[in-house]
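Working notes, structure below.
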Amino acid sequence: MSSAPLQLASLSGVEAAKRAAAYAAVDAHVGRNDRIIGIGSGSTVPYVVERIVQQGKDLNASRIFLPTGFQSKELIVSNGLQLGDVDCHPIIDVTIDGADEVDPALNAIKGGGACHLREKVLAEAAKNFIVVADYRKNSNGVLGTAWTQGVPVEAAEFAYSKVMRDLTKLGGKPVLRMGKAKAGPVVTDNG
Ligand SMILES: O=C[C@H](O)[C@H](O)[C@H](O)COP(=O)(O)O
């Protein structure tokens, strides 16, 4: 595969770190034989797609890319890659996604960007699930030290009160996450 060399000079510290992590993950884990590829969500994933595009038009013409939500669908389409669905491709060669925090045993907090169920389906369906995380996401031990905003949870709308009660019974302090430019709570890509 002929990928271009790293070009990090024009990016700021955190963006450069995201891109370096994404490029390294793609170089190591998205190979010539990977044809069905799951693309995750978040601000790191555009660099994943950038590197995949650099692997070349010929190789990518034989690949199908499955999105975990609106953002990754747009990324796939706007980069001229072939869009597919898990219904048609239930076995995925590799899914590559971001994370909010990762501990030394590779447990992770995900969902900070409010993507949940679709990410989990594409992760579970993948022969290889690769998480891309820059230095800020390293947990020194217990998850919740680097990502302090709580564990994101998705609930079906009709069950929200029950989920809040159940999480409280388990010792949690659930907070309904409100949308920023809309009235009411955040709605995930799964509705
Ligand atoms: O819901 C969002 C996903 O789980 C993201 O992969 C995660 O939040 C990491 O996003 P970012 O790359 O923006 O830090």
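Start at 1 and go down the list; that is how both ligands and their atoms are numbered.
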Practice item. Looking only at non-hydrogen atoms, find the nearest pair between H116 and E154 and report the distance. Key: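 For H116 and E154, the tightest heavy-atom pair comes out as CB-OE1, 3.0 Å.
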Exercise for review: State, to 0.1 Å, how close A99 and V131 come at their nearest heavy-atom pair, and which atoms those are.
Suggested key: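 Result for this residue pair: CB-CG1, 3.5 Å.
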Check your understanding: If hydrogens are left out, which of S41, A114, A133, A123 has an atom nearest to atom 6 (O) of ligand 1, that is, the closest non-hydrogen atom?
Key ->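 Result: the heavy atom closest to atom 6 (O) of ligand 1 is in S41.
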Check your understanding: Is the count of non-hydrogen atoms from other residues, nucleotides or ligands lying under 6.0 Å from E74 atom CD greater than 12?
Key ->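 Atom CD in E74 is packed in, count exceeds 12.
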Practice item. Could you tell me whether G111 and ligand 1 have an N or O pair separated by under 3.5 Å? Key: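 Yes; the residue has a nitrogen or oxygen that sits under 3.5 Å from a nitrogen or oxygen of the ligand.
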Practice item. Would you kindly say whether E101 and T145 are connected by a side-chain donor-acceptor distance under 3.5 Å? Key: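 Note: E101 and T145 side chains meet the donor-acceptor criterion.
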Practice item. Taking atom types as modelled, find out whether Q71 and S41 have a side-chain donor-acceptor pair closer than 3.5 angstrom. Key: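 On atom types as modelled, these side chains do not qualify, holding no pair under 3.5 Å.
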For ligand 1, which atoms have a heavy atom of [X] less than 4.0 angstrom away?
X	answer
D100	7 (C), 8 (O), 9 (C)
D97	6 (O)
G42	10 (O), 12 (O), 13 (O)
K110	3 (C), 4 (O), 5 (C), 6 (O)
G98	6 (O)
T44	11 (P), 12 (O)

Practice item. Would you check if the side chain of D134 reaches a backbone N or O of R136 as a donor-acceptor pair within less than 3.5 Å? Key: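 A pair under 3.5 Å: yes.
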Exercise for review: Check whether any heavy atom of K137 sits under 4.0 Å from an atom of ligand 1.
Suggested key: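 Per 4.0 Å heavy-atom rule, K137 contacts ligand 1.
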Check your understanding: With a 4.0 Å cut-off on heavy atoms, is G40 touching ligand 1?
Key ->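 No heavy atom of G40 comes that close to ligand 1.
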Point to revise | Side-chain touch I39/P67, heavy atoms, less than 4.5 angstrom | key: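 I39 does not reach P67 side chain to side chain.
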